[in-house]
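We count residues from 1, following the sequence as given. Bear in mind that the values here come from a model prediction, so they are computed numbers and not experimental data. Below, all heavy atoms of this structure are taken into account, side chains as well, without hydrogens, waters or symmetry copies.
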Amino acid sequence: MFGSLRARRFGELAASEQLFDAGLALLLFLYGQAHVWLRLLTEEGYAGGPRWLDSLVITGTTLPLAFRRRAPLAALGAIMAAIALPQLFSHAMISAYAGMLPALIASYTIARNEPGRRVLAGLGIVLAGIAILTLADPAFRSANEFTFEAIVWSVAWLLGWGIQARERRARQLEGRAAHLERDREARAKAAVLDERARIARELHDVVAHGVSLMVVQAGAARLALPEADWHGPVGEPLRSIEDIGRQSLGELRRLLAVLRDDDELLLEPLPGMDQLDKLVAGAADAGLPLQVRIEGDPEPLPSGVDLTAYRIVQEALTNTIKHARGASASLTVRYLGDALEVEALDDGSPVARTNGNSGGHGLLGMRERVLLYGGQLDTGPRPEGGFAVRARLPLGGDGW
């Protein structure tokens with residue numbers, strides 16, 4: 001759909017350009033013919049040929065402009081031939097507006113739009129035409145005429161070359177910006193995938209621990225039954241729970257082997273909000289003045305939510321230490337019964353964390369973790385200055 005839209009817009013632009021060129025050619029043609037037959041502004045140009053020849057010259061210099069974009073070299077060649085060749089036989093009129101101006105416009109068009117070889121070919125056409133004029137008409141041999149011609153033609157060609165060079169640089173910059181944008185998006189997607197894999201590795205321990213408890217409790221409940229009931233209507237379901245649980249633990253181990261990096265060792269237990277004091281102490285050791293406030297009554301959190309809240313605080317403090325050295329920060333943890341809120345504020349510069357050039361993807365990681373539990377995340381500059389990270393994690397239900 002977008003391709004067809006661009007094609008339609010390109011077609012409309014091309015049609016408008018052709019219409020403009022045709023109108024310009026017609027306007028100069030009518031002016032030149034009026035100049036010939038009505039003798040308007042007789043002091044302009046070089047009059048001397050019969051009117052039919054003057055009229056033919058005007059036709060040859062103006063109408064090719066209608067095709068200056070579609071066939072630029074042919075248009076310039078026709079215009080220069082119409083100007084120069086009649087001078088070999090008679091001094092036909094060369095009007096500044098209906099003769100030289102079309103040639104300058106055609107030259108500018110080539111210099112602006114064509115590649116280097118075609119530009120040189122166009123320049124050769126112009127030089128050949130000027131050489132014929134110089135040989136055929138003594139008026140073109142004066143120093144003043146030579147200087148005037150050199151200045152006018154140089155301006156036309158240099159103007160076209162300059163615009164083409166500027167447009168080429170603009171296209172290069174646009175292409176480079178598009179490449180950088182694609183690269184940034186690719187790196188962001190890769191960071192999201194890496195973060196999801198990291199979350200999955202961490203949640204493996206949470207799930208494995210829960211399944212292990214289920215297996216142990218099911219086995220304990222089965223052994224608490226009389227031995228005669230182990231194969232009864234209660235014992236058999238408990239045995240089935242044990243068997244399925246052990247199989248699930250084996251599959252979880254295989255899943256972890258797929259997700260784990262070759263050099264990664266998960267030897268330490270996963271952290272939670274009960275280790276918040278250590279996290280705050282580490283931030284203080286790194287030189288970050290930090291005020292901590294706990295609101296509400298702390299309560300045991302679901303394992304996944306506990307880990308997610310800890311990682312959000314860890315990433316928020318790390319971002320402040322990394323990108324806002326010398327800033328101070330505050331951390332508020334709110335236990336609301338049905339939700340846990342975490343708010344990390346600092347008074348440092350937010351630029352490095354919002355312009356996409358920091359090289360890190362901590363905010364993406366936060367968002368992935370919060371969305372996993374159906375929570376809300378708000379990050380960005382503060383109106384009073386600094387940066388804010390606010391997260392809300394629901395505690396009731398599964399978060400879906």
Discussion item. Pair L276, I294 - check side-chain contact (heavy atoms from CB on, under 4.5 Å), show working.
Written reply: CA-CA 11 Å; L276 184 61; I294 306 296; 4.2 Å; yes
Salt-bridge present (E315, R369; N to O < 4.0 Å):
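Looking at R369 together with E315, the answer is no, because their closest N to O distance does not fall below 4.0 Å.
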- Query: Salt bridge check: are R184 and E181 linked by an N-O gap of less than 4.0 Å?
  - Reply: yes
Search all heavy atoms of [X] against all heavy atoms of [Y] and return the closest pair with its distance.
X	Y	value
A81	P86	O-CD, 3.5 Å
P289	G287	CD-O, 3.3 Å
T59	P64	O-CD, 3.8 Å
A316	A344	CB-CB, 3.7 Å
V57	A82	CG1-O, 3.5 Å
T62	P102	CG2-CG, 4.3 Å

Is it the case that one hydrophobic cluster holds both [X] and [Y], taking links as side-chain heavy atoms less than 4.5 Å apart, direct or via other members?
X	Y	answer
L101	L27	no
L345	L279	no
L120	W161	no

[X] atom [atom1]: more than 12 heavy-atom contacts under 6.0 Å:
X	atom1	value
E185	CD	yes
D297	CG	no
E167	CD	yes

Do [X] and [Y] have side-chain heavy atoms sitting under 4.5 Å apart?
X	Y	answer
M100	W153	yes
V342	L331	yes
L24	I105	yes
T308	L372	no
L288	S328	no

Kindly list each side-chain donor-acceptor pair under 3.5 angstrom involving residues 65-79, sequence neighbours excluded, with atom names and distances?
| residue | atom | partner | partner atom | Å |
| --- | --- | --- | --- | --- |
| R68 | NE | D21 | OD1 | 2.9 |
| R68 | NH1 | T109 | OG1 | 2.5 |
| R68 | NH2 | D21 | OD1 | 3.1 |
| R69 | NE | D21 | OD1 | 3.4 |
| R69 | NE | D21 | OD2 | 2.9 |
| R69 | NH2 | D21 | OD1 | 3.4 |

Quick one: [atom1] on [X] to [atom2] on [Y], what's the gap to the nearest 0.5 Å?
X	Y	atom1	atom2	answer
D306	L301	CG	CG	5.0 Å
E368	M366	CD	CE	13.0 Å
I130	I125	CD1	CD1	12.0 Å
L395	Y335	CG	OH	9.5 Å
L63	F29	CG	CZ	5.5 Å
L30	I58	CG	CD1	11.5 Å

Applying salt bridge (charged side-chain N to carboxylate O under 4.0 Å, His left out) to R311 and not counting sequence neighbours gives E202
Apply side-chain contact (heavy atoms from CB on, under 4.5 Å) to [X] and list each qualifying residue two or more places apart in sequence or on a separate chain.
X	value
R334	E295, T332, L336, E341, E343
R168	Q164, A165, R171, Q172
L123	L127, W157

**OP:** List the steps and the verdict of side-chain contact (heavy atoms from CB on, under 4.5 Å) for R392 and L340.
**Re:** CA-CA 6 Å; R392 179 183 175 89; L340 175 70; over 6 Å; no
Residues 376-384 side chain polar contacts: donor-acceptor under 3.5 Å, at least two apart:
| residue | atom | partner | partner atom | Å |
| --- | --- | --- | --- | --- |
| R382 | NE | E384 | OE2 | 3.2 |
| R382 | NH1 | D346 | O | 3.0 |
| R382 | NH2 | E384 | OE2 | 2.7 |

Full working for side-chain contact (heavy atoms from CB on, under 4.5 Å) between L159 and Y108: CA-CA 7 Å; L159 180 62; Y108 161 82; 3.9 Å; yes
query = Stepwise, does the side-chain contact (heavy atoms from CB on, under 4.5 Å) test hold for N319 with F387?
reply = CA-CA 10 Å; N319 278 345; F387 198 79; 5.7 Å; no
- prompt: Is there a donor-acceptor pair under 3.5 Å between the side chain of Q33 and the backbone N or O of S55?
  reply: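 Yes; judged by distance alone, with no hydrogens or angles, the pair exists.
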